[in-house]
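To start, the structure itself, in structure tokens.
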Protein chains: 2
Amino acid sequence: MNNGRFAIALHILVLLTKNQGELLSSEYIAGSININAAMVRKALQGLKQKGFVQSKEGKHGGVSLAKNPQDIILSQIYSSIRETAILGSKQQPNPNCLVGKQINTHLDTLYRDAEKALVEALGKQTLLEFAQKFK
Amino acid sequence: MNNGRFAIALHILVLLTKNQGELLSSEYIAGSININAAMVRKALQGLKQKGFVQSKEGKHGGVSLAKNPQDIILSQIYSSIRETAILGSKQQPNPNCLVGKQINTHLDTLYRDAEKALVEALGKQTLLEFAQKFK
DNA sequence: TTGAACTGTAATATTTTTTGATACAGAATG
DNA sequence: CATTCTGTATCAAAAAATATTACAGTTCAA
């Protein structure tokens, strides 16, 4: 997770929450985050797939929220961008060693439990609550 | 955290726990993890600094635990390798935008809380308990 | 007292991941 | 039918992670 995708996704969703009813262009969003518009559109792909946002093509098109922000919890946003284990990559250890042979199994359960705790913490806040901090 | 440092550190410490009293060489450890010995020695630097391991130079030298494995909790190991926010990097957003101006502050507190939950989960297990799973 | 087996550390190369940039087809609008 | 968008692909650049090599210094033991 050494990438900014969670921050970007959340930034986008906060902008949309703060501008409900309007269509925001990827160019505008990119200007707020200070990244490239193509990156924004890429991030939007995922958010769209997960049903958080909807978009309209063509002139005067743009993006808007597809759900009420009180029905989106931050852990869902995290899950939508999650790709790899949060505690990092594992190795391909020596199968002829007692520890090497088993470590990845034990790391898996450890990582699962730890990440579950993180997700639960994120689950305590809705997008609306998070967005309301901005004033 | 898209790196394998936590897995490597834990692997090393489990090996040392399973071989208390002995001195393990970085070459031997590297063979179990299946990485380069210089990488192991680099990982050991940190573990040594944090007081988890001690080493002996020269012929017949090697590394051993510096504490009882029941006195090391997994969250301490995590903290010792931790460098960046676990939920990923942030952006440098537009300060002229209401959301852009404040997002990093709010992300900071969110990240802190989420990571705290993860650390607490890791804190529930000692190195000894983890190592005892290997048999 | 010398060679072998280690650690400690630095320097450098390679690979992988992340980010950025550009381009363009296709949709909607007026 | 020109304009302004999204959607998507491709390529370039930068940054991060990992691997490799080298060697000085320490310790041991013959």
Side-chain angles (χ1 to χ4, degrees), chain A residues 1-9 11-12 15-16 19 22-31 33-50 52-66 81-93, chain B residues 1-9 11-12 15-16 19 22-31 33-50 52-64 66 81-94:
Chain A
M1 267 290 293
N2 235 336
N3 62 51
R5 286 188 298 118
F6 181 67
I8 290 172
H11 193 139
I12 292 173
L15 282 175
L16 295 179
N19 295 278
E22 295 172 50
L23 287 175
L24 302 187
S25 73
S26 58
E27 202 66 56
Y28 173 81
I29 295 172
I33 308 181
N34 193 29
I35 60 173
N36 195 279
M39 295 285 290
V40 172
R41 295 202 280 270
K42 215 168 182 180
L44 285 170
Q45 281 188 323
L47 295 175
K48 204 174 165 184
Q49 239 177 356
K50 299 286 173 173
F52 297 133
V53 307
Q54 59 201 357
S55 59
K56 188 187 168 199
E57 292 189 20
K59 197 173 182 182
H60 300 161
V63 201
S64 62
L65 276 187
I81 61 96
R82 189 210 125 116
E83 275 180 351
T84 59
I86 198 153
L87 279 171
S89 58
K90 298 192 286 283
Q91 311 299 320
Q92 282 149 29
Chain B
M1 268 289 294
N2 232 339
N3 63 51
R5 286 188 298 117
F6 181 67
I8 290 173
H11 193 139
I12 292 173
L15 283 175
L16 295 178
N19 296 277
E22 296 172 49
L23 287 174
L24 302 187
S25 73
S26 59
E27 202 66 56
Y28 173 82
I29 295 172
I33 308 180
N34 193 27
I35 61 173
N36 196 279
M39 296 286 289
V40 171
R41 294 202 280 270
K42 214 168 182 179
L44 285 169
Q45 281 188 324
L47 295 175
K48 204 175 165 184
Q49 240 179 355
K50 298 287 173 171
F52 297 133
V53 308
Q54 59 201 357
S55 59
K56 187 187 167 200
E57 291 188 21
K59 198 174 182 181
H60 301 160
V63 202
S64 62
I81 62 96
R82 188 207 125 117
E83 276 181 350
T84 58
I86 198 154
L87 279 170
S89 58
K90 299 192 284 285
Q91 310 299 320
Q92 282 150 29
N94 187 344

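Labels below follow one simple rule: chain letters A, B, ... track the order of the sequence lines, proteins then strands, and each chain is numbered from 1.
The side chain of Ser26(B) places no N or O atom within less than 4.0 Å of a non-bridging phosphate oxygen (OP1 or OP2) of dC6(C).
A distance of 7.5 Å separates CG in Leu87(B) from CD1 in Ile81(A), rounded to the nearest 0.5 Å. From Leu44(B), atom CG reaches atom CE of Met39(B) across 11.5 Å, with rounding to the nearest 0.5 Å. Annotation: the span from Phe6(A) atom CZ to Ile86(B) atom CD1 amounts to 12.5 Å, rounded to 0.5 Å. Atom-to-atom distance recorded for Ser25(B):OG and Arg41(B):CZ is 9.0 Å, nearest 0.5 angstrom. Atom CZ of Phe52(B) is separated from atom CD1 of Ile12(B) by 12.0 Å, given to the nearest 0.5 angstrom.
Position along DNA chain C of the nearest nucleotide to Glu83(A) versus Val63(B) favours Val63(B) as the more 5'-ward residue. Residue order along DNA chain C, read from the 5' end via each residue's closest nucleotide, puts Gly58(B) first among Gly58(B) and Ile35(A).
Using a 4.0 Å cutoff to heavy atoms of chain B, the contacted part of DNA chain D runs 5' to 3' from dA17(D) to dA29(D).
Of the candidates Val53(B), Val40(B), Ile29(B), Leu24(B) forms a side-chain contact (heavy atoms from CB on, under 4.5 Å) with just one, namely Ile29(B).
Of the candidates dG3(C), dT19(C), dC6(C), the closest approach to any side-chain atom of Lys59(B) belongs to dG3(C). Out of dT29(C), dT7(C), dA27(C), the shortest distance to the side chain of Glu57(A) is found at dA27(C).
If you take CD of Glu27(B) and P of dA4(C), they are 17 Å apart, rounded to a whole angstrom. Here the C1' atom of nucleotide dT18(C) and the CD atom of Gln91(B) are 11 Å apart, to the nearest Å. Atom NZ of Lys56(B) is separated from atom C1' of dA5(C) by 11 Å (rounded to the nearest Å). Taking atom CD on Glu22(B) and atom C1' on dC6(C), their separation rounds to 16 Å, with Å as the unit. The OH atom of Tyr28(B) sits 18 Å away from the C1' atom of dT7(C) (whole-angstrom rounding).
Counting any heavy atom pair closer than 4.0 Å across all strands shown, Asn36(B) reaches a base atom.
Near DNA chain C, defined here as any heavy-atom distance below 4.0 Å, the residues from residues 38-47 of chain B are Arg41(B), Gln45(B), listed numerically.
Checked against salt bridge (charged side-chain N to carboxylate O under 4.0 Å, His left out), Lys90(A) has the following partners two or more places apart in sequence or in another chain: Asp108(A).
Put simply, the side chain of Gln54(A) gets close to the backbone of Leu65(A): a donor and an acceptor are under 3.5 Å apart.
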Ile33(B)/Gln91(A) under side-chain contact (heavy atoms from CB on, under 4.5 Å): CA gap, chis, key distance, verdict: CA-CA 7 Å; Ile33(B) 308 180; Gln91(A) 311 299 320; 3.7 Å; yes
